[in-house]
Amino acid sequence: MKIYKFYSPTCGPCKVLDKNLQEAGIQYESIDITDDNNEELITKYNIISMPTLLKVDDEGNAILRNRGIISTQDIIKYFK
């Protein structure tokens, strides 16, 4: 299981989500949507807004998606 956070360095809500993820104690991988090297993942998971938090199973299938800011409590409830 993996958690991906799709973000942009200039995105205010992305910074709030970072804080909430850290408070929740969630391990995640940050994917910068402005980096051309990440285009394959962005396309694969149809990322159209940021921030987007994605829970992916071991086969790479997205099993849970959240667009926008999510509270620390909801991160723990859905992503831990």
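Hydrogens, waters and symmetry mates play no part in the numbers below; they use all other heavy atoms, side chains included.
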**Request:** Show your reasoning for whether side chain to side chain contact (heavy atoms under 4.5 Å, CB included) applies to Asn66 and Thr52.
**Result:** CA-CA 6 Å; Asn66 184 83; Thr52 295; over 6 Å; no
**Prompt:** Taking the hydrophobic residues Ile, Leu, Val, Met, Phe, Trp and Tyr, and joining any pair whose side-chain heavy atoms are under 4.5 Å apart, which ones share a cluster with Val16?
**Reply:** Ile69
**Item:** Fellow cluster residues of Met50, listed by chain then number, with links counted only when side-chain atoms sit under 4.5 Å apart
**Value:**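 Traced through the cluster, Met50 reaches Tyr4, Phe6, Ile31, Ile33, Leu41, Ile42, Tyr45, Ile47, Leu54, Val56.
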**Item:** Set of salt bridge (charged side-chain N to carboxylate O under 4.0 Å, His left out) partners for Lys55, sequence neighbours left out
**Value:** none
**Prompt:** Once you round to the nearest 0.5 Å, how far does CZ of Arg67 lie from CD1 of Ile48?
**Reply:** 4.0 Å
**Request:** Measure the shortest side-chain to side-chain distance between Lys5 and Glu29 over non-hydrogen atoms and say whether it is less than 4.5 angstrom.
**Result:** no
**Item:** Smallest separation among heavy atoms of Asn46 and Arg65, with atom names
**Value:**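 In this case the closest contact between Asn46 and Arg65 is O-NH1, 3.7 Å.
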**Request:** Report the residues that fulfil side chain to side chain contact (heavy atoms under 4.5 Å, CB included) with Glu59, sequence neighbours left out, ordered by chain and then residue number.
**Result:** Asp57, Asn61
**Request:** Please name all residues satisfying side chain to side chain contact (heavy atoms under 4.5 Å, CB included) with Asp35, sequence neighbours left out, ordered by chain then number.
**Result:** Asp32, Asn37, Asn38
**Message:** Once side chain to side chain donor-acceptor pair (under 3.5 Å) is applied, do any residues pair with Tyr7, and if so which ones, sequence neighbours excluded?
**Reply:**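 Tyr7 satisfies side chain to side chain donor-acceptor pair (under 3.5 Å) with no other residue.
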**Asked** Excluding sequence neighbours, so at least two apart, what forms side chain to side chain donor-acceptor pair (under 3.5 Å) with Thr10?
**Response** Ser8
Taking distance alone, no hydrogens or angles, what donor-acceptor pairs closer than 3.5 Å link side-chain atoms of residues 70-80 to residues at least two apart or in another chain?
| residue | atom | partner | partner atom | Å |
| --- | --- | --- | --- | --- |
| Ser71 | OG | Asp74 | N | 3.1 |
| Thr72 | OG1 | Glu23 | OE1 | 3.0 |
| Lys80 | NZ | Ala24 | O | 3.1 |

**Prompt:** Pairs in or reaching into residues 39-50: which pass salt bridge (Lys or Arg N to Asp or Glu O under 4.0 Å), with residues at least two apart or in two chains?
**Reply:**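 Pairs touching residues 39-50 that pass the test: none.
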